[in-house]
Amino acid sequence: MAEKLTTRATDYSKWYNELVINADLAEHSAVRGCMVIKPYGFAIWEKMRDALDKMFKDTGHQNAYFPLFVPRSFLEKEEGHAEGFAKECAVVTHYRLKVNPDEKGKLMVDSESKLEEELIVRPTSEAIIWNTYKGWIQSYRDLPILINQWANVVRWEMRTRLFLRTAEFLWQEGHTAHSTAQEAIAETKQMLEVYADFAERFMAMPVIKGSKSESERFAGALDTMCIEALMQDGKALQAGTSHFLGQNFAKAFDVKFTSKEGVLDYVWATSWGVSTRLMGALIMTHSDDQGLRLPPMLAPIHVVIVPIYKGEEQLAMISEKIQPLMSELRAKGITVKYDNDDTKRSGWKFAEYELKGVPVRVAIGPKDMENGTIEIARRDNGTKQTIPMAGAAELIQHLLDEIQKNLFDQALAHRDSHITEVNTY
RNA sequence: CGGGGUGUAGCGUAGCCCGGUAUCGCGUCUGCUUUGGGAGCAGAAGGUCGUAGGUUCGAAUCCUGCCACCCCGACCA
(Lines give C-alpha, C1' and ligand atoms only; values in the text may rest on other atoms or scores of the structure.)
Protein backbone atom coordinates (compact mmCIF):
# COMPACT_ATOMS: atom_id res chain seq x y z
CA MET A 1 0.00 0.00 0.00
CA ALA A 2 2.82 2.34 0.78
CA GLU A 3 4.34 2.19 -2.67
CA LYS A 4 4.35 5.13 -5.03
CA LEU A 5 2.64 5.14 -8.39
CA THR A 6 4.65 4.94 -11.58
CA THR A 7 4.83 8.53 -12.80
CA ARG A 8 2.99 9.70 -15.89
CA ALA A 9 6.23 10.77 -17.50
CA THR A 10 7.81 7.35 -16.98
CA ASP A 11 5.02 5.23 -18.42
CA TYR A 12 1.57 6.71 -18.95
CA SER A 13 -0.18 3.38 -19.52
CA LYS A 14 1.37 1.84 -16.46
CA TRP A 15 0.47 4.87 -14.38
CA TYR A 16 -3.16 4.56 -15.49
CA ASN A 17 -3.36 0.84 -14.73
CA GLU A 18 -1.79 1.21 -11.30
CA LEU A 19 -4.01 4.14 -10.47
CA VAL A 20 -7.23 2.30 -11.31
CA ILE A 21 -6.15 -0.63 -9.13
CA ASN A 22 -4.61 1.31 -6.23
CA ALA A 23 -7.43 3.84 -5.97
CA ASP A 24 -9.77 0.88 -5.60
CA LEU A 25 -11.85 1.71 -8.67
CA ALA A 26 -11.80 -1.67 -10.42
CA GLU A 27 -9.87 -4.88 -10.87
CA HIS A 28 -9.50 -7.62 -13.43
CA SER A 29 -11.94 -10.48 -13.00
CA ALA A 30 -11.41 -14.18 -13.57
CA VAL A 31 -13.25 -13.75 -16.87
CA ARG A 32 -11.17 -12.70 -19.84
CA GLY A 33 -11.62 -9.07 -20.76
CA CYS A 34 -14.19 -8.44 -18.06
CA MET A 35 -13.61 -6.26 -15.00
CA VAL A 36 -15.02 -5.99 -11.53
CA ILE A 37 -16.03 -2.42 -10.74
CA LYS A 38 -15.35 -1.94 -7.04
CA PRO A 39 -17.57 0.08 -4.70
CA TYR A 40 -15.53 3.28 -4.87
CA GLY A 41 -15.37 3.18 -8.66
CA PHE A 42 -19.02 2.27 -8.94
CA ALA A 43 -19.95 5.19 -6.70
CA ILE A 44 -18.40 7.55 -9.25
CA TRP A 45 -20.23 5.80 -12.09
CA GLU A 46 -23.50 6.10 -10.15
CA LYS A 47 -22.97 9.84 -9.85
CA MET A 48 -22.38 10.10 -13.59
CA ARG A 49 -25.39 7.93 -14.27
CA ASP A 50 -27.69 9.93 -12.01
CA ALA A 51 -26.64 13.24 -13.54
CA LEU A 52 -27.05 11.98 -17.10
CA ASP A 53 -30.34 10.30 -16.30
CA LYS A 54 -31.73 13.58 -15.05
CA MET A 55 -30.51 15.39 -18.16
CA PHE A 56 -32.17 12.78 -20.39
CA LYS A 57 -35.45 13.10 -18.53
CA ASP A 58 -35.25 16.89 -18.61
CA THR A 59 -35.08 16.63 -22.41
CA GLY A 60 -38.19 14.47 -22.54
CA HIS A 61 -36.79 10.94 -22.55
CA GLN A 62 -38.01 7.92 -20.63
CA ASN A 63 -36.17 4.80 -19.55
CA ALA A 64 -37.13 1.31 -20.67
CA TYR A 65 -35.44 -2.06 -20.87
CA PHE A 66 -34.95 -4.44 -23.79
CA PRO A 67 -33.58 -8.01 -23.88
CA LEU A 68 -29.92 -8.94 -23.51
CA PHE A 69 -30.30 -11.40 -26.41
CA VAL A 70 -30.80 -10.50 -30.03
CA PRO A 71 -31.86 -13.23 -32.50
CA ARG A 72 -29.28 -13.52 -35.27
CA SER A 73 -31.84 -12.78 -37.98
CA PHE A 74 -32.60 -9.41 -36.35
CA LEU A 75 -28.97 -8.40 -36.32
CA GLU A 76 -28.70 -9.34 -39.99
CA LYS A 77 -31.46 -7.04 -41.17
CA GLU A 78 -29.53 -3.80 -41.44
CA GLU A 79 -26.61 -4.74 -43.64
CA GLY A 80 -24.01 -2.19 -42.59
CA HIS A 81 -24.88 -2.72 -38.96
CA ALA A 82 -24.54 -6.51 -39.28
CA GLU A 83 -21.14 -6.33 -40.93
CA GLY A 84 -19.87 -3.77 -38.47
CA PHE A 85 -20.56 -5.85 -35.40
CA ALA A 86 -20.26 -9.41 -36.71
CA LYS A 87 -16.68 -10.01 -35.66
CA GLU A 88 -17.07 -9.04 -32.03
CA CYS A 89 -20.28 -10.82 -31.03
CA ALA A 90 -20.73 -13.43 -28.32
CA VAL A 91 -23.15 -16.10 -29.52
CA VAL A 92 -25.49 -18.33 -27.53
CA THR A 93 -26.04 -21.63 -29.33
CA HIS A 94 -27.42 -23.90 -26.58
CA TYR A 95 -29.77 -23.46 -23.65
CA ARG A 96 -28.77 -26.31 -21.36
CA LEU A 97 -25.85 -28.15 -19.75
CA LYS A 98 -25.73 -31.68 -18.46
CA VAL A 99 -23.48 -33.74 -16.22
CA ASN A 100 -20.64 -35.24 -18.19
CA PRO A 101 -21.14 -39.03 -18.12
CA ASP A 102 -17.42 -39.67 -18.73
CA GLU A 103 -16.06 -37.33 -16.09
CA LYS A 104 -17.73 -37.14 -12.74
CA GLY A 105 -18.49 -33.68 -11.42
CA LYS A 106 -17.95 -32.01 -14.79
CA LEU A 107 -20.54 -30.29 -16.90
CA MET A 108 -20.87 -30.28 -20.67
CA VAL A 109 -23.10 -28.64 -23.24
CA ASP A 110 -26.17 -30.77 -23.87
CA SER A 111 -26.10 -31.27 -27.62
CA GLU A 112 -29.84 -31.97 -27.48
CA SER A 113 -30.42 -28.34 -26.51
CA LYS A 114 -29.16 -26.60 -29.64
CA LEU A 115 -31.14 -23.47 -30.44
CA GLU A 116 -33.00 -23.28 -33.75
CA GLU A 117 -31.61 -19.78 -34.15
CA GLU A 118 -28.57 -18.43 -32.34
CA LEU A 119 -29.02 -15.61 -29.87
CA ILE A 120 -26.45 -12.83 -29.98
CA VAL A 121 -25.50 -11.10 -26.75
CA ARG A 122 -26.26 -7.47 -27.62
CA PRO A 123 -23.29 -5.44 -28.79
CA THR A 124 -25.89 -2.61 -29.03
CA SER A 125 -29.66 -2.72 -29.18
CA GLU A 126 -30.81 -1.10 -32.43
CA ALA A 127 -31.96 -4.44 -33.86
CA ILE A 128 -34.11 -5.63 -30.98
CA ILE A 129 -35.45 -2.13 -30.35
CA TRP A 130 -36.47 -1.40 -33.94
CA ASN A 131 -38.12 -4.79 -34.14
CA THR A 132 -40.13 -3.69 -31.09
CA TYR A 133 -40.85 -0.18 -32.38
CA LYS A 134 -42.53 -1.71 -35.42
CA GLY A 135 -45.38 -2.73 -33.13
CA TRP A 136 -45.56 0.67 -31.43
CA ILE A 137 -45.71 2.96 -34.43
CA GLN A 138 -48.55 3.35 -36.90
CA SER A 139 -49.32 7.06 -36.95
CA TYR A 140 -47.51 10.38 -36.66
CA ARG A 141 -49.46 10.58 -33.38
CA ASP A 142 -47.22 7.79 -32.02
CA LEU A 143 -44.13 9.89 -32.64
CA PRO A 144 -41.69 10.87 -31.45
CA ILE A 145 -40.59 7.96 -29.31
CA LEU A 146 -37.85 9.09 -26.95
CA ILE A 147 -36.39 6.17 -25.04
CA ASN A 148 -33.19 5.48 -23.17
CA GLN A 149 -31.91 2.24 -21.71
CA TRP A 150 -29.24 1.67 -19.06
CA ALA A 151 -27.67 -1.68 -19.80
CA ASN A 152 -24.62 -3.84 -20.21
CA VAL A 153 -23.39 -4.82 -23.65
CA VAL A 154 -20.72 -7.21 -24.90
CA ARG A 155 -18.17 -6.59 -27.63
CA TRP A 156 -15.59 -9.34 -27.78
CA GLU A 157 -12.49 -7.18 -27.75
CA MET A 158 -9.11 -8.83 -28.19
CA ARG A 159 -7.19 -6.24 -26.28
CA THR A 160 -8.77 -4.74 -23.20
CA ARG A 161 -7.97 -2.05 -20.64
CA LEU A 162 -9.84 -1.30 -17.45
CA PHE A 163 -12.73 1.11 -18.16
CA LEU A 164 -11.35 2.15 -21.57
CA ARG A 165 -12.10 -1.04 -23.43
CA THR A 166 -13.57 -4.15 -21.83
CA ALA A 167 -15.45 -7.08 -23.35
CA GLU A 168 -18.49 -6.29 -21.25
CA PHE A 169 -19.27 -2.71 -20.35
CA LEU A 170 -22.02 -0.62 -18.86
CA TRP A 171 -23.59 2.18 -20.83
CA GLN A 172 -26.74 3.97 -21.75
CA GLU A 173 -28.20 3.87 -25.22
CA GLY A 174 -30.87 6.28 -26.37
CA HIS A 175 -33.07 5.18 -29.26
CA THR A 176 -35.48 7.67 -30.71
CA ALA A 177 -37.99 7.59 -33.56
CA HIS A 178 -39.19 10.70 -35.43
CA SER A 179 -41.53 11.68 -38.23
CA THR A 180 -39.04 13.92 -40.04
CA ALA A 181 -35.38 13.91 -40.86
CA GLN A 182 -35.00 17.44 -39.50
CA GLU A 183 -36.42 16.40 -36.13
CA ALA A 184 -34.12 13.38 -35.93
CA ILE A 185 -31.10 15.49 -36.86
CA ALA A 186 -32.09 18.03 -34.22
CA GLU A 187 -32.31 15.19 -31.67
CA THR A 188 -28.86 13.94 -32.67
CA LYS A 189 -27.41 17.40 -32.14
CA GLN A 190 -29.33 17.99 -28.93
CA MET A 191 -27.96 14.82 -27.33
CA LEU A 192 -24.44 15.66 -28.43
CA GLU A 193 -24.92 18.97 -26.62
CA VAL A 194 -26.17 17.12 -23.55
CA TYR A 195 -23.02 15.01 -23.55
CA ALA A 196 -20.78 18.01 -24.04
CA ASP A 197 -22.58 19.88 -21.27
CA PHE A 198 -22.28 16.89 -18.94
CA ALA A 199 -18.57 16.45 -19.69
CA GLU A 200 -17.81 20.10 -19.01
CA ARG A 201 -20.08 20.79 -16.04
CA PHE A 202 -19.79 17.50 -14.15
CA MET A 203 -16.54 15.93 -15.32
CA ALA A 204 -14.76 19.29 -15.64
CA MET A 205 -13.52 17.96 -18.96
CA PRO A 206 -13.48 20.26 -21.98
CA VAL A 207 -14.51 18.47 -25.16
CA ILE A 208 -14.41 19.01 -28.88
CA LYS A 209 -17.58 18.27 -30.80
CA GLY A 210 -17.37 16.89 -34.28
CA SER A 211 -18.53 14.47 -36.95
CA LYS A 212 -16.85 11.16 -37.66
CA SER A 213 -15.35 10.40 -41.04
CA GLU A 214 -17.07 7.74 -43.14
CA SER A 215 -14.69 5.01 -42.03
CA GLU A 216 -15.24 5.75 -38.35
CA ARG A 217 -19.00 6.14 -38.56
CA PHE A 218 -21.30 3.86 -36.55
CA ALA A 219 -22.32 0.78 -38.52
CA GLY A 220 -25.73 1.66 -39.94
CA ALA A 221 -25.62 5.42 -39.37
CA LEU A 222 -25.74 8.27 -41.90
CA ASP A 223 -23.87 10.58 -39.56
CA THR A 224 -22.00 9.97 -36.31
CA MET A 225 -21.29 12.95 -34.11
CA CYS A 226 -18.97 12.67 -31.16
CA ILE A 227 -17.32 14.45 -28.30
CA GLU A 228 -13.63 13.92 -27.82
CA ALA A 229 -11.35 15.02 -25.01
CA LEU A 230 -7.60 15.38 -24.84
CA MET A 231 -5.83 13.17 -22.32
CA GLN A 232 -2.58 14.12 -20.58
CA ASP A 233 -0.50 11.90 -22.84
CA GLY A 234 -1.57 14.03 -25.79
CA LYS A 235 -4.02 11.51 -27.22
CA ALA A 236 -7.68 12.24 -27.84
CA LEU A 237 -10.31 9.93 -26.41
CA GLN A 238 -13.77 9.47 -27.86
CA ALA A 239 -16.10 10.01 -24.95
CA GLY A 240 -19.60 9.93 -26.40
CA THR A 241 -21.38 9.45 -29.70
CA SER A 242 -24.72 10.52 -31.15
CA HIS A 243 -25.90 9.00 -34.42
CA PHE A 244 -28.35 10.13 -37.08
CA LEU A 245 -29.55 6.78 -38.44
CA GLY A 246 -31.75 8.15 -41.23
CA GLN A 247 -34.37 5.61 -42.27
CA ASN A 248 -31.94 2.69 -42.37
CA PHE A 249 -33.38 0.82 -39.41
CA ALA A 250 -36.98 1.73 -40.25
CA LYS A 251 -36.47 0.22 -43.68
CA ALA A 252 -34.67 -2.83 -42.32
CA PHE A 253 -37.44 -3.52 -39.81
CA ASP A 254 -40.29 -2.12 -41.92
CA VAL A 255 -41.35 0.59 -39.49
CA LYS A 256 -43.75 2.97 -41.28
CA PHE A 257 -46.18 5.61 -40.11
CA THR A 258 -49.04 7.54 -41.65
CA SER A 259 -48.37 11.26 -41.66
CA LYS A 260 -50.86 14.02 -40.97
CA GLU A 261 -51.28 14.29 -44.72
CA GLY A 262 -52.13 10.60 -44.98
CA VAL A 263 -48.85 9.62 -46.60
CA LEU A 264 -47.14 6.39 -45.57
CA ASP A 265 -43.41 6.86 -44.86
CA TYR A 266 -40.51 5.26 -43.01
CA VAL A 267 -39.63 6.56 -39.55
CA TRP A 268 -36.44 8.57 -38.90
CA ALA A 269 -34.10 7.39 -36.16
CA THR A 270 -31.29 8.37 -33.82
CA SER A 271 -29.23 6.56 -31.24
CA TRP A 272 -26.69 7.91 -28.77
CA GLY A 273 -24.59 6.53 -25.98
CA VAL A 274 -21.90 6.96 -23.36
CA SER A 275 -20.25 4.16 -21.43
CA THR A 276 -18.04 3.35 -18.47
CA ARG A 277 -15.24 4.57 -20.72
CA LEU A 278 -16.13 7.97 -19.26
CA MET A 279 -14.47 6.71 -16.08
CA GLY A 280 -11.25 6.29 -18.00
CA ALA A 281 -11.60 9.77 -19.46
CA LEU A 282 -12.23 11.25 -16.02
CA ILE A 283 -9.16 9.56 -14.58
CA MET A 284 -6.84 10.49 -17.43
CA THR A 285 -8.01 14.09 -17.66
CA HIS A 286 -7.34 15.18 -14.09
CA SER A 287 -5.23 12.76 -12.11
CA ASP A 288 -1.60 13.31 -11.18
CA ASP A 289 1.36 11.29 -9.92
CA GLN A 290 -0.10 11.29 -6.40
CA GLY A 291 -3.35 9.70 -7.53
CA LEU A 292 -6.85 10.63 -8.59
CA ARG A 293 -8.14 14.18 -8.62
CA LEU A 294 -11.92 14.05 -8.68
CA PRO A 295 -14.13 16.99 -9.58
CA PRO A 296 -16.47 17.66 -6.64
CA MET A 297 -19.53 17.18 -8.85
CA LEU A 298 -18.65 13.49 -9.20
CA ALA A 299 -16.64 12.73 -6.05
CA PRO A 300 -18.31 10.10 -3.82
CA ILE A 301 -16.72 11.82 -0.82
CA HIS A 302 -16.36 15.63 -0.94
CA VAL A 303 -14.66 16.16 2.39
CA VAL A 304 -12.73 13.74 4.55
CA ILE A 305 -12.05 14.69 8.14
CA VAL A 306 -8.97 13.17 9.76
CA PRO A 307 -8.60 13.50 13.54
CA ILE A 308 -5.08 13.71 14.94
CA TYR A 309 -4.92 12.52 18.51
CA LYS A 310 -3.18 10.64 21.30
CA GLY A 311 -5.37 8.23 23.18
CA GLU A 312 -9.08 7.53 23.23
CA GLU A 313 -9.93 10.50 25.38
CA GLN A 314 -8.52 13.01 22.93
CA LEU A 315 -10.25 11.24 20.03
CA ALA A 316 -13.56 11.44 21.87
CA MET A 317 -13.09 15.19 22.41
CA ILE A 318 -12.26 15.79 18.77
CA SER A 319 -15.17 13.64 17.62
CA GLU A 320 -17.52 15.74 19.68
CA LYS A 321 -15.99 19.04 18.64
CA ILE A 322 -16.24 18.23 14.94
CA GLN A 323 -19.93 17.23 14.99
CA PRO A 324 -21.43 20.69 14.35
CA LEU A 325 -19.21 21.23 11.29
CA MET A 326 -20.17 17.84 9.89
CA SER A 327 -23.85 18.60 10.38
CA GLU A 328 -23.49 21.97 8.71
CA LEU A 329 -21.66 20.50 5.73
CA ARG A 330 -24.23 17.73 5.32
CA ALA A 331 -27.05 20.26 5.50
CA LYS A 332 -25.45 21.89 2.47
CA GLY A 333 -25.55 18.61 0.56
CA ILE A 334 -21.83 17.99 0.99
CA THR A 335 -20.75 14.39 1.50
CA VAL A 336 -18.50 14.06 4.53
CA LYS A 337 -16.49 11.14 5.80
CA TYR A 338 -15.11 11.26 9.32
CA ASP A 339 -12.25 8.77 9.42
CA ASN A 340 -11.75 7.80 13.05
CA ASP A 341 -10.26 4.41 12.16
CA ASP A 342 -7.81 3.78 14.98
CA THR A 343 -5.82 1.16 13.08
CA LYS A 344 -4.46 3.67 10.55
CA ARG A 345 -2.22 6.62 11.28
CA SER A 346 -3.01 10.10 10.12
CA GLY A 347 -0.12 10.26 7.66
CA TRP A 348 -1.27 7.05 6.05
CA LYS A 349 -4.78 8.46 5.73
CA PHE A 350 -3.54 11.67 4.10
CA ALA A 351 -1.79 9.68 1.40
CA GLU A 352 -4.72 7.32 0.96
CA TYR A 353 -7.31 10.05 0.39
CA GLU A 354 -4.99 11.84 -2.00
CA LEU A 355 -4.73 8.60 -3.96
CA LYS A 356 -8.50 8.38 -4.01
CA GLY A 357 -8.93 11.97 -5.15
CA VAL A 358 -11.08 13.32 -2.32
CA PRO A 359 -11.28 17.07 -3.14
CA VAL A 360 -10.99 18.50 0.38
CA ARG A 361 -9.30 17.16 3.48
CA VAL A 362 -9.86 18.56 6.94
CA ALA A 363 -7.42 17.72 9.74
CA ILE A 364 -8.12 18.54 13.37
CA GLY A 365 -5.75 17.92 16.26
CA PRO A 366 -4.84 19.15 19.75
CA LYS A 367 -3.50 22.49 18.50
CA ASP A 368 -6.74 23.13 16.65
CA MET A 369 -8.74 22.20 19.73
CA GLU A 370 -6.92 24.92 21.65
CA ASN A 371 -7.28 27.52 18.94
CA GLY A 372 -10.73 26.67 17.62
CA THR A 373 -9.31 26.02 14.16
CA ILE A 374 -9.07 23.30 11.53
CA GLU A 375 -6.57 22.62 8.75
CA ILE A 376 -7.96 22.47 5.23
CA ALA A 377 -6.06 20.90 2.34
CA ARG A 378 -7.09 21.05 -1.33
CA ARG A 379 -6.45 17.99 -3.48
CA ASP A 380 -6.39 19.95 -6.75
CA ASN A 381 -3.40 22.17 -5.95
CA GLY A 382 -2.06 20.68 -2.70
CA THR A 383 -2.33 23.88 -0.68
CA LYS A 384 -3.07 23.84 3.03
CA GLN A 385 -4.43 26.54 5.32
CA THR A 386 -5.51 26.76 8.92
CA ILE A 387 -8.83 28.51 9.43
CA PRO A 388 -11.26 29.16 12.30
CA MET A 389 -13.83 26.41 12.76
CA ALA A 390 -16.57 29.03 12.81
CA GLY A 391 -17.66 29.69 9.25
CA ALA A 392 -15.67 26.77 7.89
CA ALA A 393 -18.69 25.17 6.26
CA GLU A 394 -19.31 28.17 3.99
CA LEU A 395 -15.66 28.34 3.10
CA ILE A 396 -15.55 24.65 2.21
CA GLN A 397 -18.64 24.98 0.09
CA HIS A 398 -17.02 27.77 -1.90
CA LEU A 399 -13.80 25.82 -2.04
CA LEU A 400 -15.55 22.88 -3.69
CA ASP A 401 -16.92 25.19 -6.38
CA GLU A 402 -13.46 26.64 -6.86
CA ILE A 403 -11.88 23.19 -7.18
CA GLN A 404 -14.45 22.15 -9.77
CA LYS A 405 -13.64 25.28 -11.77
CA ASN A 406 -9.89 24.96 -11.34
CA LEU A 407 -9.86 21.39 -12.62
CA PHE A 408 -11.77 22.48 -15.70
CA ASP A 409 -9.49 25.46 -16.27
CA GLN A 410 -6.38 23.33 -15.99
CA ALA A 411 -7.75 20.75 -18.42
CA LEU A 412 -8.78 23.51 -20.81
CA ALA A 413 -5.37 25.16 -20.68
CA HIS A 414 -3.72 21.81 -21.37
CA ARG A 415 -6.01 21.16 -24.30
CA ASP A 416 -5.67 24.60 -25.84
CA SER A 417 -1.91 24.51 -25.64
CA HIS A 418 -1.85 21.19 -27.51
CA ILE A 419 -4.16 21.98 -30.41
CA THR A 420 -2.61 21.77 -33.84
CA GLU A 421 -4.37 22.35 -37.12
CA VAL A 422 -4.22 19.53 -39.63
CA ASN A 423 -5.71 19.39 -43.08
CA THR A 424 -4.91 15.83 -44.04
CA TYR A 425 -5.96 12.68 -42.26
C1' C B 1 -6.09 -11.64 -34.24
C1' G B 2 -0.19 -10.93 -35.35
C1' G B 3 4.64 -9.94 -32.61
C1' G B 4 7.10 -9.67 -27.73
C1' G B 5 6.97 -10.44 -22.36
C1' U B 6 5.20 -12.15 -17.51
C1' G B 7 2.73 -15.69 -14.01
C1' U B 8 6.35 -18.19 -7.09
C1' A B 9 2.15 -16.28 0.36
C1' G B 10 -2.93 -10.83 0.15
C1' C B 11 0.78 -7.58 -3.00
C1' G B 12 5.76 -7.00 -5.17
C1' U B 13 9.88 -10.32 -5.92
C1' A B 14 14.81 -13.97 -5.69
C1' G B 15 15.61 -18.84 -7.30
C1' C B 16 14.98 -21.27 -13.38
C1' C B 17 20.29 -21.07 -17.83
C1' C B 18 23.41 -25.56 -14.64
C1' G B 19 16.65 -30.37 -11.49
C1' G B 20 17.31 -32.16 -4.85
C1' U B 21 9.70 -28.92 -2.50
C1' A B 22 11.54 -22.02 -1.76
C1' U B 23 14.52 -16.01 -0.78
C1' C B 24 13.61 -11.05 0.54
C1' G B 25 10.45 -6.69 1.17
C1' C B 26 5.47 -4.79 2.05
C1' G B 27 0.99 -6.21 4.18
C1' U B 28 -1.56 -9.51 8.07
C1' C B 29 -1.84 -11.31 13.43
C1' U B 30 0.03 -10.60 18.98
C1' G B 31 2.36 -7.38 22.50
C1' C B 32 4.61 -2.81 24.01
C1' U B 33 5.95 2.11 22.61
C1' U B 34 3.88 5.72 19.19
C1' U B 35 0.26 9.33 16.51
C1' G B 36 0.34 17.40 12.88
C1' G B 37 2.55 13.49 6.05
C1' G B 38 2.41 6.31 4.28
C1' A B 39 5.61 4.73 12.65
C1' G B 40 9.49 1.67 15.78
C1' C B 41 10.94 -2.79 18.31
C1' A B 42 10.03 -7.99 19.48
C1' G B 43 7.50 -12.37 18.19
C1' A B 44 4.08 -15.30 14.93
C1' A B 45 1.07 -17.13 11.03
C1' G B 46 0.66 -17.65 5.81
C1' G B 47 2.93 -21.15 -0.36
C1' U B 48 -1.28 -27.43 -4.67
C1' C B 49 5.53 -22.30 -7.36
C1' G B 50 -1.06 -20.00 -13.11
C1' U B 51 -3.11 -24.83 -14.97
C1' A B 52 -3.11 -29.88 -17.32
C1' G B 53 -0.01 -33.46 -19.06
C1' G B 54 5.11 -35.38 -20.19
C1' U B 55 10.57 -36.51 -19.09
C1' U B 56 13.10 -38.10 -14.41
C1' C B 57 14.67 -41.84 -8.60
C1' G B 58 13.30 -36.64 -7.88
C1' A B 59 10.45 -30.68 -11.39
C1' A B 60 9.34 -23.77 -9.32
C1' U B 61 13.55 -25.24 -12.55
C1' C B 62 13.57 -29.20 -18.68
C1' C B 63 9.42 -30.31 -22.77
C1' U B 64 4.17 -29.72 -24.72
C1' G B 65 -0.86 -27.96 -24.50
C1' C B 66 -4.19 -24.56 -22.16
C1' C B 67 -5.54 -20.08 -19.19
C1' A B 68 -4.75 -15.14 -17.53
C1' C B 69 -2.40 -10.47 -17.50
C1' C B 70 1.07 -6.60 -19.54
C1' C B 71 3.49 -3.97 -23.85
C1' C B 72 3.52 -2.90 -29.37
C1' G B 73 0.41 -3.32 -33.97
C1' A B 74 -4.60 -3.80 -36.63
C1' C B 75 -9.98 -2.98 -34.83
C1' C B 76 -13.43 -0.59 -31.71
C1' A B 77 -17.44 3.13 -27.22
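Both backbone and side-chain heavy atoms feed into the values below; hydrogens, waters and symmetry mates do not. Labels below follow one simple rule: chain letters A, B, ... track the order of the sequence lines, proteins then strands, and each chain is numbered from 1. Source: prediction; values computed, not measured.
For the pair A/K212 and A/E228, the salt-bridge criterion is met [side-chain N within less than 4.0 Å of a carboxylate O]. Between A/D197 and A/R201 there is a salt bridge, with a side-chain nitrogen of the basic residue lying less than 4.0 Å from a carboxylate oxygen of the acidic one.
B/rC49 and B/rA22 are spaced 11 Å apart, taking the P atom of each and rounding to whole Å. For the P atoms, the distance linking B/rC29 with B/rU23 amounts to 23 Å, nearest Å. Nucleotides B/rU34 and B/rG25 place their P atoms 26 Å apart, quoted to the nearest Å.
Contacts of A/E354 with the nucleic acid, taken as non-hydrogen atoms under 4.0 Å apart, include base atoms. Backbone-only engagement by A/S346 is indicated by non-hydrogen atom pairs under 4.0 Å involving sugar-phosphate atoms exclusively. No contact: A/S242 has no heavy atom under 4.0 Å from any strand. Nucleic acid contact class of A/R32 (heavy atoms, under 4.0 Å, all strands): sugar-phosphate only.
Scanning atom types as modelled, one donor and one acceptor separated by under 3.5 angstrom connect the side chain of A/R361 and the base of B/rG37. At a cut-off of 3.5 angstrom, counting only N and O atoms as typed in the model, there is a donor on one side and an acceptor on the other between the side-chain of A/R165 and the base of B/rC76.
For A/A351, taking side-chain heavy atoms from C-beta onward, the closest of the listed nucleotides B/rU35, B/rC69, B/rG37 is B/rG37. Here B/rC76 is the nucleotide among B/rC76, B/rG73, B/rG38 with the atom lying nearest to any side-chain atom of A/E157.
The two residues A/K321 and A/M389 make their nearest non-hydrogen contact at CG-CE, 3.6 Å.
Listed pair A/R159 / B/rG2 fails the phosphate criterion, with no side-chain N or O lying under 4.0 Å from OP1 or OP2. Note on A/R345: a side-chain N or O is less than 4.0 Å away from OP1 or OP2 of B/rA39.
A side-chain contact (heavy atoms from CB on, under 4.5 Å) with A/E168 is found for exactly one of A/T160, A/T276, A/V154, namely A/V154.
A heavy atom closer than 4.0 Å to some atom of RNA chain B occurs in A/A363, A/G365, A/P366, A/K367, A/D368, A/E375, A/K384, these being the qualifying members of residues 362-389 of chain A. Of the residues in residues 9-19 of chain A, A/S13, A/N17 come within less than 4.0 Å of RNA chain B through at least one heavy atom, sorted by number.
Using cut-offs of 30° and 60° for the angle between ring planes, the A/H61 and A/W272 rings count as perpendicular.
When both distances must be under 3.5 Å, the Watson-Crick or G-U wobble mate of B/rC32 is B/rG40.
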